[in-house]
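Working notes for the structure below.
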Amino acid sequence: GVVECTKHGDPDAVALEVLSRDARGATLELRTGGFWALREPSGTVRVFVPGFDTPREASAPALPLRRALVEAVVGKQVRLVSAQAMDLQAFPGLRPSAVGVAEIGVSRDGTVRPVRRPVAPRVSRGFSPQQVARLVGTVFQGERKSAVLELVPLRFDGGRDELVMAGRVRVR
């Protein structure tokens, strides 16, 4: 069938900036100007922002996330103090599909390409995912320690049945 992909806002207007840094912590801000929505045969959408990743869990909403490494102090614990979603914009009628299971598809002529087998999405009345940012651990690169953050500026509001984009996500 025909693939329909629509542009909402300016998907290329993305910036991750360190607003402040001191010995006790850092404040970051992610700006997102828009996204692409690919309409699935089921009527749901798969959402993309250039430079962003897709969640790993098959039943998670197919909403982009930005992973960031933030320098941390060796020997000290890392924690997420606050995460704010600002400049919210709603997009009614855009319901995300689930990520699905990655598989290899082979067509009749032998062409091999990656495909996603659909799975039932997790549905809730609140926001999905619940948090706009989360700390997913720490990593070491040589002797340097970094905190790994996942920032999710696009979330689905199940109570209102709409996609909500945070133009700015500020994390401390």
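Nothing here was measured: the structure is a model prediction, and the numbers come from that model. The analysis underlying the following values was restricted to heavy atoms, covering all of them including side chains, and did not include hydrogens, waters or symmetry mates.
The environment of CZ in Arg168 is crowded: more than 12 heavy-atom neighbours from other residues, nucleotides or ligands sit within 6.0 Å.
Counted by atom type alone, Glu57 and Ser59 present one or more donor-acceptor pairs between their side chains at under 3.5 Å.
Looking at Leu149 and Leu135, their side chains come closer than 4.5 Å, going by heavy atoms from C-beta outward. The shortest distance between side-chain heavy atoms of Val49 and Leu154 falls below 4.5 Å.
The line from CD of Glu103 to CZ of Arg113 is 12.5 Å long, rounded to the nearest 0.5 Å. Note: Asp157 CG to Leu163 CG = 10.0 Å, rounded to the nearest 0.5 Å. Residue Cys5 holds its SG atom at 5.5 Å from CH2 of Trp36, rounded to the nearest 0.5 Å. A distance of 10.0 Å separates OG1 in Thr32 from CD in Glu29, rounded to the nearest 0.5 Å.
Judged purely by atom type and a 3.5 angstrom limit, Arg155 uses its side chain to pair as donor or acceptor with the backbone of Gln130. Checked by atom type and distance alone, the side chain of Arg170 never pairs as donor or acceptor with a backbone atom of Leu30 at under 3.5 Å. For the pair Arg39 (side chain) and Gly43 (backbone), a donor-acceptor distance under 3.5 Å is present.
Val139 and Val136 fall within a single hydrophobic cluster, where Ile, Leu, Val, Met, Phe, Trp and Tyr side chains are chained together by heavy-atom contacts under 4.5 Å. Val132 and Val18 fall within the same hydrophobic cluster, where Ile, Leu, Val, Met, Phe, Trp and Tyr residues are linked whenever their side-chain heavy atoms come under 4.5 Å apart, directly or through other members.
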Report all side-chain donor-acceptor pairs from residues 61-85 shorter than 3.5 Å, counting only partners two or more places apart or in another chain.
{"unit_1": "Arg67", "atom_1": "NE", "unit_2": "Glu150", "atom_2": "OE2", "d": "3.0"}
{"unit_1": "Arg67", "atom_1": "NH1", "unit_2": "Asp53", "atom_2": "OD2", "d": "2.9"}
{"unit_1": "Arg67", "atom_1": "NH2", "unit_2": "Glu150", "atom_2": "OE2", "d": "3.3"}
{"unit_1": "Glu71", "atom_1": "OE1", "unit_2": "Arg144", "atom_2": "NH2", "d": "3.2"}

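Gly9 and Pro11 get closest at one heavy-atom pair: O-CD, 3.3 Å. Taking all atoms of both residues into account, the shortest heavy-atom contact from Arg21 to Ala26 is NH1-CB, 4.1 Å. When all heavy atoms of Glu40 and Ser97 are compared, the closest pair comes out as OE2-OG, 3.4 Å. Smallest separation of non-hydrogen atoms from Ala133 and Val171: CB-CG2, 3.8 Å. When all heavy atoms of Asp22 and Arg24 are compared, the pair lying nearest together is OD1-N, 2.8 Å. When all heavy atoms of Val152 and Pro129 are compared, the closest pair comes out as CG1-CG, 3.7 Å.
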**OP:** Test salt bridge (Lys or Arg N to Asp or Glu O under 4.0 Å) on Glu17 and Arg31 and set out the steps.
**Re:** CA-CA 8 Å; Glu17 182 179 355; Arg31 290 190 194 103; 3.1 Å; yes
Subject >> Step-by-step side-chain contact (heavy atoms from CB on, under 4.5 Å) determination, Gln141 to Ser146 >> reply: CA-CA 8 Å; Gln141 297 169 312; Ser146 295; 4.0 Å; yes
Subject >> Audit row: Leu16, Leu151, side-chain contact (heavy atoms from CB on, under 4.5 Å) steps and yes/no >> reply: CA-CA 10 Å; Leu16 179 63; Leu151 304 152; 4.0 Å; yes
**OP:** Check the pair Phe52, Val14 against side-chain contact (heavy atoms from CB on, under 4.5 Å), reporting the backbone distance first and the verdict last.
**Re:** CA-CA 10 Å; Phe52 282 42; Val14 175; 3.5 Å; yes
Subject >> Verdict with reasoning, Phe156 to Val164, per side-chain contact (heavy atoms from CB on, under 4.5 Å) >> reply: CA-CA 6 Å; Phe156 180 68; Val164 178; over 6 Å; no
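Shown here are the ring pair (Phe, Tyr, Trp, His ring centres under 6.0 Å) partners of Phe91, two or more places apart in sequence or in another chain: His8, Phe35.
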